[in-house]
Amino acid sequence: MIADPSVNGQPSPGAVRRAPAIEARSISAGYGPQPVIHDVCIEVRPGEVIALLGSNGAGKTTTLLTLAGELPVLSGNVMIDGIVAKGPLHKRARNGLTFVTEEKSVFKGLSTRDNLRAASVDVDEALELFPELARRIRVRGGLLSGGEQQMLTLARSLARKPRVLLADELSMGLGPLVVKRLLEAVRAAADEQGTAVLLVEQQVRKALAFADRAYVMRRGRIELSGTAVELGAKIREIEDKYLSTHASRG
């Protein structure tokens, strides 16, 4: 079994596991015959939070969509629990994968409570994750703030106790306190439930504070990987070389 360092370099309780829960083995994929990502290798073990970093256009969302089954692989394989995954997203979801997209996916005409019920999750368990939603339980989703909508979206996903969580830009347009709450919930799911988390995040320093390991993409390829502590030690170099606006055109 393998233990990876987590926050502050200490072993994460949930990260001591066997094989990857989800893995990209030299995958290339795109939105037609021309690949956008090339020979991408990523693995996420149960109990790990892995950050996928890179500038806009680096290929991060394409990678998540391919792992989720929304895009076909052009070469390589997506592996779930060591088995080649060929089914679409709805089949992978039935097997414990959940995908939080960049767009907030609440039902705007339904109340907070009914949004949770529509996802077939226990309302009380979801509210335990984000008690802030309790006072908004009767409010329609469209009237919630952006932060509340993202809490609701993540609560619906985590209350299902997923085995794999793919999350794309949880912090988009949100204030620092809300972002901290979202990342705390993701970290707790990994530590307490053993969820394998792959997190795309623009707020790199915050992501590394909650992650075990990270991969850095540029122009559709993995350029750098390491523990969160290792990459955090050279964050300025990473920001200048890989995360600036001119760093990626892929």
Side-chain angles (χ1 to χ4, degrees), residues 1-27 37 40-54 59-61 63-69 76-83 85 92-93 95-100 129 154 157-171 179-217 222-233 235 238:
M1 294 193 297
I2 302 171
D4 286 316
S6 182
V7 182
N8 299 321
Q10 299 301 313
S12 169
V16 182
R17 291 296 188 272
R18 303 173 304 279
I22 190 165
E23 183 179 5
R25 289 189 181 175
S26 300
I27 63 171
I37 59 172
V40 170
C41 293
I42 291 173
E43 62 177 35
V44 190
R45 302 183 193 100
E48 282 191 310
V49 176
I50 306 299
L52 182 58
L53 311 174
K60 306 183 302 297
T61 295
T63 300
L64 289 193
L65 288 169
T66 306
L67 290 171
N77 288 304
V78 174
M79 313 290 291
I80 297 180
D81 292 327
I83 300 172
R92 298 182 195 190
N95 291 322
L97 182 145
T98 188
F99 183 22
V100 177
L129 295 169
L154 189 57
S157 294
L158 293 181
R160 294 176 55 221
K161 296 181 172 57
R163 295 173 56 252
V164 175
L165 169 65
L166 307 176
D168 194 4
E169 300 287 7
L170 290 178
S171 70
V179 174
K180 182 172 182 288
R181 287 287 293 113
L182 295 169
L183 293 176
E184 285 173 343
V186 166
R187 181 74 256 177
D191 291 341
E192 297 169 13
Q193 301 174 19
T195 303
V197 179
L198 182 60
L199 177 72
V200 165
E201 183 51 62
Q202 286 286 354
Q203 297 197 33
V204 174
R205 294 171 187 256
K206 281 189 171 66
L208 290 177
F210 287 89
D212 297 290
R213 296 184 293 112
Y215 296 87
V216 182
M217 295 193 79
I222 300 294
E223 295 271 340
L224 195 64
S225 64
T227 70
V229 173
E230 290 168 344
L231 297 187
I235 186 65
I238 291 171

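- In terms of heavy atoms, Leu53 sits closest to Ala214 at CD1-CB, 4.2 Å.
- Checked by atom type and distance alone, the side chain of Arg92 never pairs as donor or acceptor with a backbone atom of Leu97 at under 3.5 Å.
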Requested in this report: Give the intermediate values and the outcome of side chain to side chain contact (heavy atoms under 4.5 Å, CB included) for residues Leu231 and Ile238.
Outcome: CA-CA 8 Å; Leu231 297 187; Ile238 291 171; 3.9 Å; yes

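- Here the shortest heavy-atom pairing between Pro46 and Pro20 reads CD-C, 4.4 Å.
- A salt bridge links Arg181 with Glu184: the closest approach of a Lys/Arg side-chain nitrogen to an acidic carboxylate oxygen falls below 4.0 angstrom.
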Report task. With side chain to side chain contact (heavy atoms under 4.5 Å, CB included) as the test, would you mind laying out the steps for Ile27 and Ile42 before giving the verdict? Result -> CA-CA 9 Å; Ile27 63 171; Ile42 291 173; over 6 Å; no

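- Considering every non-hydrogen atom in both Ser157 and Thr98, the closest pair reads OG-OG1, 3.4 Å.
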Query raised in the report: Could you go step by step and tell me if Ile37 and Ile222 meet the side chain to side chain contact (heavy atoms under 4.5 Å, CB included) rule?
Result: CA-CA 9 Å; Ile37 59 172; Ile222 300 294; over 6 Å; no

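- Under the 3.5 Å distance criterion, the side-chain polar atoms of Arg160 are matched with a main-chain donor or acceptor of Ala93.
- The nearest pair of heavy atoms linking Gly47 to Asp212 is O-OD2, 3.9 Å.
- Minimum interatomic distance between Val197 and Ala190 (heavy atoms only, all atoms of both residues): CG2-CB, 4.5 Å.
- A search for side-chain hydrogen bond (donor to acceptor under 3.5 Å, both in side chains) contacts involving Ser171 returns Glu201, not counting sequence neighbours.
- For the pair Arg213 (side chain) and Ser225 (backbone), a donor-acceptor distance under 3.5 Å is absent.
- Side-chain atoms of Thr195 come within 3.5 Å of backbone N or O of Pro162 as a donor-acceptor pair.
- No side-chain heavy atom of Leu208 sits less than 4.5 Å from a side-chain heavy atom of Glu230.
- Judged purely by atom type and a 3.5 angstrom limit, Tyr215 has no side-chain atom pairing as donor or acceptor with the backbone of Gly54.
- Summarising the geometry of Gln193 relative to Leu158, their closest heavy-atom pair is OE1-O, 3.9 Å, with the distance given to 0.1 Å.
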